[in-house]
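All residue numbers refer to positions in the sequence shown, counting from 1. Bear in mind the structure is a predicted one, so any value in this text is a computation, not a measurement.
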Amino acid sequence: MLVDSRLRFDNFVVGSANRLAVAAARAVADTPGTVYNPLFMYSSSGLGKTHLMSAIGNQVAQKRKDLVVDLVTLDDFVQQLHEAIAAGETEKFQERYLQIGVLLIDDMQFLTGHRETQTELLRIFNALTADGRQIVMTSDRPLSEIADVDERLITRLAGGLIVDIGAPDYETRMAILKAKCEERGVRFRGGVIDEVGRLEFKNVRELQGALNRLIAFQTLGGGQVDPEAVVSILGDLAEQRARTNPPRASGEFANFLTDISLAVAHHVEQWKSRLNDGIAYWSGEGYRTGILERVLQDPTPPTSVESVLREFEGTVSKLRDLERQLLRIDKALAAHDAFRDPDRLDEAEQLLERALRTSAPPPGPSASFTRAGFEVGASNQLAVRAADAIVAVPGSRYNPLFIHGPSGVGKTHLMNAIGNGLIDATGETGGVACVPAQMFVDELIGALQEGTVDRWRARYRHAGALLLDDVQFVAGKERTQEELFHVFNALYADGRQLVFASDRPPRELSGLEERLRSRFEGGLVVQMQSPDRALRERLYDRFLKDLGVEPTSEMLTYLADRAVASVREIIGTANRIVASAEVKAVAVTASFIRAELQPDDGEVLRAAAMRTASDTFFLDGEKIVWQWPDAATRLVEELR
């Protein structure tokens with residue numbers, strides 16, 4: 001996995017809760033393999049573990065061209081190990097990792113239950129640390145709280161440095177908010193940022209989500225935000241957060257550790273002879289050696305010829321891995337010349353990505369749901385403006401976008417409209433995945449039963465964008481949430497757009513894992529409400545005209561004055577009026593509509609009175625529609 005170039009030390013805000021971790025990370029990046037090896041960082045979700053680890057990788061890649069840097073999630077490591085065992089290529093798997101100069105492993109908490117993975121990790125750790133290679137790991141919990149871990153592995157990890165990252169304090173929150181505003185070119189009135197900083201958010205993603213909501217309100221709503229309006233605008237994000245007063249300056253941002261610097265230079269004699277040996281070997285293996293030949297022709301000797309050869313071998317290892325993956329999909333394409341030329345690694349990666357997308361493309365948006373056909377009103381205006389903004393610049397402004405609201409208010413229409421807008425913008429019809437969450441779950445269950453999880457996983461991780469509707473249905477499904485977590489990370493790290501829709505905000509989704517909830521709230525969370533009166537009038541006008549009726553202002557006024565819960569209710573009412581008029585062979589008039597609907601209005605009032613006086617649980621239509629899912633297929637998903 002490529003290190004995200006956007007995550008660097010210069011855009012990581014240092015505070016009292018993370019100062020030790022940052023100092024240790026900088027020391028490791030400056031002198032990999034010499035101090036704090038391995039480095040183990042842990043914290044709750046959303047506090048910057050992955051940012052710090054990526055910052056190490058970026059700095060090493062910039063300063064030490066001779067070192068191969070590889071970032072891998074534990075999930076990917078397990079998958080690669082299983083593939084190697086299945087193909088009888090465990091030695092090649094080990095050789096690949098032994099060529100790495102700095103190994104970065106994310107999400108170590110998933111070690112539980114993988115005994116063979118722990119054994120392989122122990123073997124690789126011993127070999128890398130013995131050779132002075134750097135290892136950095138992150139987890140959402142301390143090493144002692146990861147269940148079922150080999151004692152030998154715990155001993156090796158404890159031999160380095162284990163450091164935690166805490167929740168940001170007031171000063172850190174203020175520094176983060178100001179840095180984000182400067183980065184995005186946003187200016188608020190005095191006191192606005194102070195009001196947000198006083199709210200004690202659990203993690204940086206929640207803090208960023210609050211800032212995103214304020215930015216969206218100001219930029220999409222068209223007015224400056226006042227300090228007094230901050231709490232009301234943030235709503236659910238602020239209501240459960242304790243408020244703190246700014247502490248007095250106490251020098252908490254003083255340096256805690258001094259960065260360690262070490263310069264290493266290697267001068268190898270007879271470097272040309274060594275390069276010639278490497279060229280002869282790799283040519284015999286069938287690989288083009290243009291990279292090595294250019295180094296040989298340069299009159300200036302390289303700093304380390306062994307590093308040049310090691311980096312070349314690492315590139316060849318990546319080509320072999322890509323080729324193996326492509327062999328399962330398209331054997332003819334796997335014979336492409338790009339897989340034999342390290343100079344064409346990017347081309348080989350693109351060939352595999354294209355094959356994965358075209359072999360089994362994920363479901364796309366419905367062409368019938370367009371942006372032009374979506375009516376905008378006060379009840380959905382903020383969500384629509386946010387949707388237009390991400391179509392204009394996907395993956396950069398509001399990522400992820402989380403839309404919530406009751407059933408039938410247009411969430412699905414808007415989500416599909418976003419998907420169609422992204423397709424129009426990119427021109428790639430197979431690159432946008434727009435899928436209901438229940439289908440996402442059912443596809444995973446089918447893949448588990450058929451043993452094709454790798455193929456299912458690949459097509460979503462290689463999508464140009466992911467739009468997941470009714471995401472409330474993944475709550476409580478552990479395996480689905482695990483897969484969605486990794487898909488989210490892969491797409492987000494690559495700057496691809498993510499959009500989710502639900503009938504409730506993330507904080508109200510019971511059974512949703514904290515790591516997913518924090519990621520949903522780290523973008524922009526917007527609400528869509530029942531249609532307001534102006535919107536109801538426009539919708540009735542449109543739907544009646546579609547049914548061949550030219551509505552009068554009197555008809556529209558009467559219909560718009562009737563409160564409805566959803567757009568679907570408006571469509572149903574329009575269909576009922578026209579159908580009834582056709583059956584009775586009369587024209588649709590204002591008086592006809594009143595006569596047709598007034599009995600219903602009285603029934604609504606009587607039902608409301610009954611609900612007030614009686615047990616609302618048994619009178620709630622949603623609660624008395626019981627659905628019994630297929631137990632066999634659900635059991636497969638829950639137990640895997």
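There is a side-chain donor-acceptor pair under 3.5 Å between N489 and R519. In this structure, a donor-acceptor pair under 3.5 Å is absent between the side chains of Q99 and E311. With 3.5 Å as the limit, one finds a donor-acceptor pair spanning the side chains of R457 and Q79. In the model, Q80 has a side-chain atom that pairs as donor or acceptor with a side-chain atom of Y97 under 3.5 Å. Side chains of E293 and Q297: a donor-acceptor N/O pair is absent below 3.5 angstrom, by distance only. Side-chain atoms of D140 and S45 form no donor-acceptor pair, as typed in the model, at a separation below 3.5 Å.
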Give the C-alpha distance, both sets of side-chain angles, the deciding distance and a yes or no for side chain to side chain donor-acceptor pair (under 3.5 Å) between D106 and T138. CA-CA 5 Å; D106 204 4; T138 66; 2.3 Å; yes
Test side-chain contact (heavy atoms from CB on, under 4.5 Å) on L444 and L448; report intermediate values, then the result. CA-CA 6 Å; L444 175 58; L448 290 169; 4.2 Å; yes
One pair to check against side-chain contact (heavy atoms from CB on, under 4.5 Å): D30 and Q59. What are the steps and the verdict? CA-CA 8 Å; D30 288 339; Q59 182 160 315; 2.5 Å; yes
Working for side-chain contact (heavy atoms from CB on, under 4.5 Å), residues E83 and R324: CA-CA 10 Å; E83 289 175 353; R324 281 196 298 270; over 6 Å; no
Residues L468, L484; criterion side-chain contact (heavy atoms from CB on, under 4.5 Å); working and verdict: CA-CA 10 Å; L468 194 62; L484 180 57; 4.0 Å; yes
One pair to check against side chain to side chain donor-acceptor pair (under 3.5 Å): N11 and H51. What are the steps and the verdict? CA-CA 9 Å; N11 59 12; H51 189 142; 3.0 Å; yes
Apply side chain to side chain donor-acceptor pair (under 3.5 Å) to residues Q109 and E145 and explain how you reach the verdict. CA-CA 9 Å; Q109 65 270 15; E145 294 181 10; over 6 Å; no
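Judged by distance alone, with hydrogens and angles left aside, the side-chain atoms of N37 form a donor-acceptor pair with the main-chain N or O of I135 at under 3.5 Å. Checked by atom type and distance alone, the side chain of Q134 never pairs as donor or acceptor with a backbone atom of P32 at under 3.5 Å. D107 places no side-chain N or O within 3.5 Å of a backbone atom of T73 that could act as its donor or acceptor partner. D494 places no side-chain N or O within 3.5 Å of a backbone atom of R496 that could act as its donor or acceptor partner. Side-chain atoms of S54 come within 3.5 Å of backbone atoms of T50 as a donor-acceptor pair (strictly under, hydrogens ignored). The main-chain N or O of G15 is found under 3.5 Å from a side-chain atom of N18 such that the two form a donor-acceptor pair. No donor-acceptor pair closer than 3.5 Å links the side chain of N58 to the backbone N or O of R8. The closest donor-acceptor contact from the side chain of N126 to the backbone of L122 lies under 3.5 Å.
Classification of E521 and R517 as a salt-bridged pair holds, one side-chain N sitting under 4.0 Å from a carboxylate O. Under a 4.0 Å N-O distance rule, the pair K318/D321 does not qualify as a salt bridge. The residues E95 and K92 are annotated as not salt-bridged, no charged nitrogen and carboxylate oxygen being separated by less than 4.0 angstrom. Comment: D70 does not engage R133 in a salt bridge, judged by the lack of any side-chain N to carboxylate O separation of less than 4.0 angstrom. At a threshold of 4.0 Å, the pair E483-R479 counts as salt-bridged, since one of the basic side-chain nitrogens sits closer than that to a carboxylate oxygen. Under the 4.0 Å criterion applied to side-chain N and carboxylate O atoms, R141 and D164 are not assigned as salt-bridge partners. Salt bridge present: E443 and R459 bring a charged side-chain N and a carboxylate O closer than 4.0 Å.
Of all the heavy atoms in P342 and R340, the pair that sits closest is CD-O, 3.9 Å. The two residues L322 and A348 come nearest to each other via the heavy atoms CD1-CB, 4.0 Å. Scanning both residues, V295 and L275, for their nearest heavy atoms gives CG1-CD1, 3.7 Å. Residues A24 and L161 share a closest heavy-atom pair of CB-CD2, 3.6 Å. Contact record, P506 with F402: CD-CE2, 3.5 Å, taken as the closest heavy-atom pair. Considering every non-hydrogen atom in both L309 and G278, the closest pair reads CD2-CA, 4.2 Å.
Ring to ring, F93 and H82 are not that close: their centroids are 6.0 angstrom or more apart.
In this structure, I390 and P394 have side chains that are not in contact, with every pair of non-hydrogen atoms separated by 4.5 Å or more. S307 has its side chain out of reach of L67: every pair of non-hydrogen atoms, C-beta onward, lies at least 4.5 Å apart. Residues F40 and P142 have side chains not in contact (no heavy-atom distance under 4.5 Å, counting atoms from C-beta outward). Taking the side chain as every heavy atom from C-beta outward, V499 and Q497 approach each other to under 4.5 Å. Using a 4.5 Å heavy-atom threshold, the side chains of D337 and R344 count as touching. Under the 4.5 Å side-chain criterion, counting only non-hydrogen atoms from C-beta, R515 is not in contact with Q481. Counting heavy atoms from C-beta on, the side chains of L345 and L319 come closer than 4.5 Å. Looking only at side-chain heavy atoms (C-beta outward), F110 and H486 come within less than 4.5 Å of each other.
Note that CG of L466 is 9.0 Å distant from SG of C434, once rounded to the nearest 0.5 Å. Considering CD of Q208 and OG of S518, their distance stands at 11.0 Å, rounded to 0.5 Å. With rounding to the nearest 0.5 Å, the separation of NE2 in H462 from CG in L352 is 5.5 Å. Taken from CG in D75 to CD1 in I105, the straight-line distance is 12.5 Å, to the nearest 0.5 Å. Expressed to the nearest 0.5 Å, how far CG of N399 lies from CZ of R397 amounts to 12.5 Å. With rounding to the nearest 0.5 angstrom, the CZ atom of F488 is 13.5 Å from the CZ atom of R461.
Residue pairs meeting the ring-ring contact (aromatic ring centres under 6.0 Å, His included) criterion with at least one partner in residues 272-324, sequence neighbours excluded, are W282-F312.
Remark: E285 CD is packed, more than 12 non-hydrogen atoms of other residues, nucleotides or ligands lying under 6.0 Å away. In the displayed structure, Y492 atom OH is contacted under 6.0 Å by at most 12 heavy atoms of other residues, nucleotides or ligands. The 12-atom threshold is exceeded at CD of E347, counting heavy atoms of other residues, nucleotides or ligands nearer than 6.0 Å.
F339 does not carry R320 over the face of its six-membered ring by the limits of under 6.0 Å from the centre and within 45° of the normal.
Taking the six-membered ring for Trp and thresholds of 30 and 60 degrees, Y460 and F440 have ring planes more than 60 degrees apart, a perpendicular arrangement.
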